[in-house]
Structures are given as C-alpha cells and as structure tokens.
There are 2 protein chains.
Amino acid sequence: MVKAAVSRKTLREQVAEILRKKILNGEIKPGERIIEADVAKAFQISRGPVREALRQIEEEGLVTYESHKGCIVKTMSYEDMQEAYLIRSTLETLAAKMCSGNLPSDLEERMERNLEKMGEAAEKRDLYQIVELDEEFHSCVVMSSQSEKLYKVWKSLESGNTSAYFTMETESLVPFDVLKANHQRILEAFRTKSVEEICREIENHYMIVPKVLFEEMQKKKNL
Amino acid sequence: MVKAAVSRKTLREQVAEILRKKILNGEIKPGERIIEADVAKAFQISRGPVREALRQIEEEGLVTYESHKGCIVKTMSYEDMQEAYLIRSTLETLAAKMCSGNLPSDLEERMERNLEKMGEAAEKRDLYQIVELDEEFHSCVVMSSQSEKLYKVWKSLESGNTSAYFTMETESLVPFDVLKANHQRILEAFRTKSVEEICREIENHYMIVPKVLFEEMQKKKNL
DNA sequence: AAAAAGTCAATTGTTAACAATCTACTTTCG
DNA sequence: CGAAAGTAGATTGTTAACAATTGACTTTTT
C-alpha cells in the first residue's frame with residue numbers, strides 16, 4: 001500500500017499527538033470513553049498503533065485503562081489541580097534556583113513574545129490558545145534550569161490534565177488579565193531581581209491562579 | 001491454548017515488571033540492546049505484549065527507542081545522577097512540608113522495619129536488596145505527603161535508572177553504613193524535630209550520597 | 001416478582017504474518 | 001585503493017484475525 005510521503009513519524013506518535021491534543025483541547029471530555037476500534041476506524045489504520053498511543057498517554061496521565069474494561073479520559077477535581085499546582089510551583093522555583101536567576105537570552109525573548117501573543121489571544125478570547133501560551137511560558141521558566149530531567153518531570157505533571165481542567169470542568173474563562181500580569185511579574189523578576197524574589201513571584205502566581213479560578217467557578221454556579 | 005492459571009495480570013504488565021526488575025537489578029546492563037523478538041521467544045509469547053511493555057518502561061525512562069533502530073537501556077552519568085538527586089531532594093522536602101512533619105504511623109513502622117532489614121542486608125552485602133530498601137525508605141518519605149501525584153512524579157524520576165547507576169556503572173558497593181545512618185537521622189527528625197530540621201536532613205542526605213559515591217569511584221579507579 | 005443462571009454482543013488482549021526501514025557488508029566504478 | 005552504490009539480513013512497524021473477558025440482557029427458578 002502507498003503511504004503518505006509526508007509522514008516521517010510513526011503512526012503511534014501521530015495518533016498519540018492528536019489524541020493528546022484533543023483531550024487537552026477538550027474535544028474529548030474527561031470521563032469520556034475511548035474505544036480503540038473507533039479511533040482506528042477514524043484514522044483508517046489498524047488497532048495496534050492506536051493501542052500503543054493510548055497506552056502512552058495513559059503513562060502520561062491523561063487516560064486510565066482498566067483491565068478488559070477499556071480506556072477513559074481522566075477527570076480532575078479542584079483539589080487535584082491545587083495539588084498539581086503546588087508541585088509545579090516547587091519545580092519551577094527549583095529551576096530558578098538552578099540557573100541562579102540567570103535566564104538564557106533566547107528564553108527571555110520567547111517569554112517576551114509569549115506575553116505579546118497572550119495579549120492578542122486575550123482580546124480574541126481564544127481559550128485554547130491561552131492554555132497553550134500559558135504552558136509555553138511556564139515551560140520557559142522550567143527550561144531556564146537547562147535540565148532535561150526537570151523538564152520531563154514537570155511536563156509529566158502538566159499533562160496530568162491541568163489545562164483540560166481549565167477548559168472543561170469549569171468551562172469558565174480563565175482570567176486573562178491576572179494570568180498575563182502574573183507572568184509579566186515573573187519575567188520582570190528574572191530580569192532584575194534576586195532568586196528569592198523570582199521564587200516568591202512564582203509561588204505567588206500558583207497561589208493566586210487557583211483562587212481566582214475558584215471564584216470564577218462560584219460566580220458561574222450562582223447564575 | 002491453555003494458559004497458566006495463576007496469571008491474573010495481563011502479559012504486558014508481567015513482562016514490564018520483569019524487565020524493569022532486570023534493568024534496575026543490573027541483569028540487563030545500561031547501553032545494552034533489547035530485541036523484541038528475543039524477549040518474546042524467551043517468554044514464549046508473541047511480540048505484541050513485549051512491545052507494549054517496552055514502550056511502557058520507555059515512558060518510565062528506563063530505555064529509549066529510536067525509530068526503526070530499536071530499544072536500548074539508558075545509561076546514566078554522574079552528572080545525571082546529581083541532577084536526579086537534586087530533584088528528588090526537592091520533592092521529598094516538599095512531602096515533608098505537605099504533611100507538616102507529621103508522619104503517619106504506618107509509614108513510621110515501615111521505615112523502622114526498613115532500617116532493620118537494611119542492617120541485615122548490609123551484613124550479607126546483598127546489593128540488590130540494599131537498592132530496593134533504599135527505594136522503599138524514600139518512597140515512605142514521599143508518601144508522607146499523602147499525595148498520589150507527588151508520589152507518581154517522584155517515582156518517574158526514580159525509575160530514571162538511579163538504582164541501576166549504583167549497581168552497574170560504578171559496580172562499586174554502596175557505602176551501607178552512611179546510607180543507613182542517614183536514613184536513621186531522617187526518621188529521627190520526622191519523629192522529634194521541626195519540618196525545617198527534616199528538610200535539612202533530607203537535603204543533607206542527597207548531598208552526601210553522591211559525594212561518597214564519587215569517592216568510591218575514585219578509589220576504584222586507582223586500583 | 002426477585003434472585004440466580006445463562007446467553008450474547010461489544011471490547012480488550014494476543015497472535016502470527018507481512019511491510020518498511022535500518023545496518024553492515026559487498027560490489028562496482030573512478 | 002577508496003568512495004559510492006547496491007544488496008541481504010535483521011529488526012522494528014503495521015495489519016488483520018482470533019481468543020478471552022466483561023457487562024447487559026434474557027431466561028429460568030424459586
């Protein structure tokens with residue numbers, strides 16, 4: 001059979017990538033079931049690669065398999081999010097310490113551009129983009145450490161459905177302005193302040209975001 | 001075909017478990033190649049489950065796949081180990097903070113017994129057991145947080161071949177007495193001291209171990 | 001009518017064959 | 001003799017069929 005000349009990646013990788021995106025994106029909702037055969041049919045491939053892809057994103061923490069029962073997208077509670085944020089906060093402050101507050105210039109530029117894009121996305125109310133930009137910004141913070149390991153660990157937590165929680169469980173809009181202002185303060189701290197100051201900003205950020213989000217949830221409930 | 005009546009677990013799980021053990025154990029050495037067909041033949045099963053198992057322990061960080069090339073056991077440098085230890089140290093101190101230094105009594109008992117066993121294993125010079133006990137002790141520290149997420153993150157790093165490094169790369173004996181004495185200090189801190197004191201003990205531990213290990217390596221080289 | 005047992009469809013778990021790709025070796029050509 | 005090109009074997013990537021397990025539905029039994 002003739003294969004598309006473009007695909008350098010293996011089917012497993014492609015499927016994993018797409019499914020991951022769909023879950024983080026919210027197209028496939030938490031609690032929803034994913035059936036191997038259906039996915040295989042949709043992509044016009046066999047079940048093998050689909051199975052492997054699902055198994056991979058299971059390890060990443062996005063879905064769970066129960067033996068002989070199948071595969072469902074993980075749900076995440078408010079408490080789960082707080083827990084994840086506490087760990088992320090710790091890892092990101094560790095990154096700041098590891099680089100002694102010296103942000104590589106390429107990362108600084110990326111963060112700068114990121115903030116601009118965040119402004120644009122906020123105007124358009126493009127929720128998906130916001131989530132992506134948020135992830136990019138924080139990944140820059142982590143990568144300041146230059147540690148592959150730290151990045152991998154951090155990332156494994158990120159996939160733990162934090163973004164999906166934003167977009168799905170609450171369906172409430174992320175308070176863009178708070179987000180952007182916080183990020184700005186973090187970048188500024190990296191530029192001009194001490195390591196301790198940077199850490200304080202990061203910790204502060206991860207205290208405020210869930211709090212604001214909680215308020216949003218309450219507001220929504222009282223409608 | 002008639003299957004062994006014992007196995008409640010899926011083949012993938014069984015194979016993953018065995019291979020993981022063999023790698024951490026040192027039976028399969030870092031840098032060594034693992035060929036799906038060989039493993040399948042050895043277990044008298046087809047390549048499918050073997051493949052899935054390998055893919056899983058790849059995600060865990062024990063091996064790497066290169067597309068169409070195959071699967072090799074990850075190697076770890078001294079610097080890698082230091083990096084891993086720094087992160088582990090941070091995560092374990094976070095655990096101590098999360099439980100405010102209040103160690104659940106079942107964990108305290110496990111740690112107590114762990115120390116006893118460590119003494120026995122040290123006498124027998126049972127390297128493999130030492131590695132296992134070391135892992136158990138630290139997992140108790142992490143679990144004091146009662147956080148599934150934290151445990152999972154920590155564990156993902158643990159599998160990153162730290163133990164294998166102990167047993168394989170250096171092939172030098174872990175300084176048992178230092179290890180046990182350190183663990184004892186940590187447990188003691190949990191029992192009687194403040195959170196800050198516990199954190200200090202943990203951090204201290206993760207400073208000393210690589211240092212001592214480095215000295216062992218030097219000694220070995222100069223033989 | 002309620003509980004137990006049995007059937008059936010759906011879905012995951014496993015297998016074995018086939019296709020694509022890589023590595024190393026051999027051959028060819030300058 | 002050395003470099004480029006081709007070839008063969010080994011190994012991973014993919015497929016499609018088959019087996020085992022589960023859960024819901026139906027039937028039987030009391």
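Quick note: numbers below take in every heavy atom, side chains included, and nothing from hydrogens, waters or symmetry partners.
Summarising the geometry, the separation between CD on A:E13 and P on D:dG13 is reported as 9 Å, rounded to the nearest angstrom. When rounded to the nearest whole Å, the span between CZ of A:R47 and P of D:dC18 equals 14 Å. We find that NZ of B:K69 is positioned 13 Å from C1' of D:dT12, with the value rounded to whole Å. Atom NE2 in A:H68 sits about 11 Å away from atom P in D:dG23, given to the nearest Å. Taking atom CG of residue A:D38 and atom P of nucleotide C:dT11, one finds them 7 Å apart after rounding to whole Å. Across the protein-nucleic acid pair, A:Y65 atom OH and C:dT14 atom P stand 12 Å apart, rounded to whole Å. Atoms CD1 (A:I35) and P (C:dA9) sit 17 Å apart, rounded to a whole Å.
At a non-hydrogen distance threshold of 4.0 Å, B:G48, B:P49 from residues 48-59 of chain B come into contact with DNA chain C.
Here B:R47 pairs with B:E36 under the salt bridge (Lys or Arg N to Asp or Glu O under 4.0 Å) rule; sequence neighbours left out. In terms of the salt bridge (Lys or Arg N to Asp or Glu O under 4.0 Å) criterion, B:E109 has no residue partners (sequence neighbours excluded). The salt bridge (Lys or Arg N to Asp or Glu O under 4.0 Å) search around A:E136 returns A:R110, not counting sequence neighbours. Applying the salt bridge (Lys or Arg N to Asp or Glu O under 4.0 Å) rule to A:E148 yields no partners; only residues at least two apart in sequence or on another chain are considered. The ring pair (Phe, Tyr, Trp, His ring centres under 6.0 Å) search around A:F137 returns A:H183, not counting sequence neighbours.
A side-chain donor from one of B:R88 and B:Y206 sits under 3.5 Å from a side-chain acceptor of the other.
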